[in-house]
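Heads up, the thing below is written out as structure tokens.
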Number of protein chains: 2
Amino acid sequence: MNQDEALADTPPPGATVRAQTRHDKHHATSLRVERSAVSLVLEHGFDSVTVDMICSQSGISQRTFFNYFKTKKAAIIGAEPPTIDEGRAREFIAAPGDDLLPDVLTLMSAIGPREGMDEQLFTDRLRIFGLHPELMQEQMERMTRVTSEITELVYLRLGRGATVDGENDPELAFRHGQAELLTHAMLGVVRFMALQWIPDFERPAGAAGRTDRAAAPTLAESLSRTVELLRRTLSIPGL
Amino acid sequence: MNQDEALADTPPPGATVRAQTRHDKHHATSLRVERSAVSLVLEHGFDSVTVDMICSQSGISQRTFFNYFKTKKAAIIGAEPPTIDEGRAREFIAAPGDDLLPDVLTLMSAIGPREGMDEQLFTDRLRIFGLHPELMQEQMERMTRVTSEITELVYLRLGRGATVDGENDPELAFRHGQAELLTHAMLGVVRFMALQWIPDFERPAGAAGRTDRAAAPTLAESLSRTVELLRRTLSIPGL
DNA sequence: CAGGCAATTTGCAGCAACTGCAACTTAGAG
DNA sequence: CTCTAAGTTGCAGTTGCTGCAAATTGCCTG
């Protein structure tokens, strides 16, 4: 998994002289298409933007567009991020025991926008999500695709303290059910978090460039606030 | 809201003689289309079924089809159920305090398949959901549309014990956040519940879910089991 | 550096979902 | 019964998306 990166750190022996290797080119084009798509949608709205528009602005043919992205929505949301990082998974399983909830949330957030990603593109996408719930929906759907993987990790973490031989099938099945339930519930929480994150819906026609840095909490801030709220909510007496 | 029902219990003065009132006819056609769609999809799969097929089997034109349902998917999932029942909402707010979770789940379940609905159609749809995750997705998306309404109800219920004059804005806002978070999380739980419900869903071996051919549990059973699991999960010490 | 293999790109033809419009049919009120 | 409005239909057109085969391009080997 994550073949892109694997190839990336094996540059051709000719040092950095060869500027445009096949792989780089693909990546560049992909990014160019994403940018075109996002900017066009921000300008005209999702329905008014045709695939042909995106193509001509990106300098590729329509057919090539669909070689890069399966659907129009996919192009706007961006290239599919790889599956869960192996190292991250290990960390998660072995992490100190009294922080399960935030850890799960962190794990899930890693599926969405990545760390070193283009800042402008990122916030633009957030704005689009606010404007077009359908696309937000698509993003969430993408996350649900890894539900089973996360469930497995949660399952392992839940069971790490148990003695191996002291348990029987029903207990394991029960714990797996717990993991599954917990994962789905946390996915809902992620949605909540994402919604809190999306900037103001109202958008004056004036300055297109983001000038006010008023409400743009980092992932970590947003996360810790959510966890705090979650903890206090779970402690409601008559729940 | 729920205008259908409101009109239904106001039959024309001519008793039951007039068999096909305008409204009834619409309802009948709608149901016929749904049935055609569901059976065809079960037989050939979603992609292989064209709207034209559904139309000819239902005896309507394609144009009329799109007058009844916005999209092909919508026809398969079925007519949009009305918004939350007013009486139900009141009940929810006033219900005894120590059963919030199951009550929320019940409220949400009411959005999906209705009580007095066609049994065959219902189970067929479940099968389709198992076969085509995209449609399940659509159904869930439909549920998320009432998120804000449910949030409001939860908010009211959370605050019903508080003295009116003893609270200030921050407290109210905080409670609203709680309601929002809770609603989203519960929506995730509903998804979990739905998955347990669907027969033969291809999932990684060992995952919780029915693989046997036993009859599907009723909504109430499934719900109480889920709540039980949820409660025991929330009481995990190092959560 | 030439030649060739394989991956990518592209044009083209075509299908299916969906929409607006205008004409037509029908149900139900007066 | 008649008239009006609601519901239905055909038609033409747009758009997303796919398969296929030809053209192009990057890259490796001799």
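Any value given below was found using the heavy atoms of this structure, including those in side chains, with hydrogens, waters and symmetry copies removed. Chain letters run A, B, ... following the sequence lines, proteins first and then strands; every chain starts at 1.
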For the side chain of B:S109 and the backbone of B:L105, is there at least one donor-acceptor N/O pair under 3.5 Å apart?
yes
Using distance alone, with no hydrogens and no angle criterion, decide if A:T64 and A:S61 have a side-chain donor and acceptor under 3.5 Å apart.
yes
Side-chain donor or acceptor of B:E221 paired with backbone N/O of B:T218 under 3.5 Å:
yes
Do other residues, nucleotides or ligands put more than 12 heavy atoms under 6.0 Å from the CZ atom of A:R145?
yes
Nearest-Å distance, NE2 (A:H26) to P (C:dT9)?
7 Å
Indicate whether any N or O donor in one side chain lies under 3.5 Å from an N or O acceptor in the other, for A:R225 and A:S222.
no
Determine: side-chain N/O of B:Y68 to OP1/OP2 of D:dG7, distance under 4.0 Å, yes or no.
no
Should A:E180 and A:Y155 be marked as a side-chain contact (heavy atoms from CB on, under 4.5 Å) after you check the CA-CA gap, both sets of side-chain angles, and the distance that decides it?
CA-CA 8 Å; A:E180 218 169 334; A:Y155 170 68; over 6 Å; no
Can you tell me if the side-chain N/O atoms of B:T21 get under 4.0 Å from OP1 or OP2 in C:dA27?
no
Heavy-atom protein contacts under 4.0 Å, nucleotides 17-23 of chain D, coded B base, S sugar-phosphate only, - none:
BBBB---
Nearest atoms (heavy-atom pairs only) where B:L126 meets B:W197:
CD1-O, 4.4 Å
Separation of A:I60 atom CD1 from C:dG11 atom P, in whole Å?
11 Å
I need the NE2-P distance between A:H23 and C:dT8, as an integer number of Å.
10 Å
Reckon B:T64 touches a base, only the sugar-phosphate, or nothing at all at heavy-atom distances under 4.0 Å?
base
Between the axis at one end of the helix from C:dC1-D:dG30 to C:dG30-D:dC1 and the axis at the other (five pairs apiece), what's the angle to 10 degrees?
10°
Regarding the side chain of B:S61, the nearest nucleotide among C:dG28, C:dA17, D:dT9 is D:dT9
Of the options D:dG26, D:dG16, C:dA27, whose atoms approach the side-chain atoms of B:R22 most closely?
C:dA27
Which residues in residues 36-49 of chain B have at least one heavy atom lying under 4.0 Å from any atom of DNA chain D?
none
Sugar-phosphate, base or nothing in reach of A:N67, heavy atoms under 4.0 Å:
base
Taking the side chain as every heavy atom from C-beta outward, state whether A:P102 and A:L223 have any atom pair closer than 4.5 Å.
yes
How many whole angstroms separate atom CD1 of A:I76 from atom C1' of D:dG16?
12 Å
Is A:E138 salt-bridged to A:R142, going by a charged N under 4.0 Å from an acidic O?
no
Shortest non-hydrogen separation from A:M193 to A:T226 and the atoms involved:
CG-OG1, 3.1 Å
Do the side chains of A:E141 and A:K73 get close enough for a salt bridge, i.e. N-O under 4.0 angstrom?
no
B:D24 has an atom CG; how far is it from atom P of C:dT26, in whole Å?
19 Å
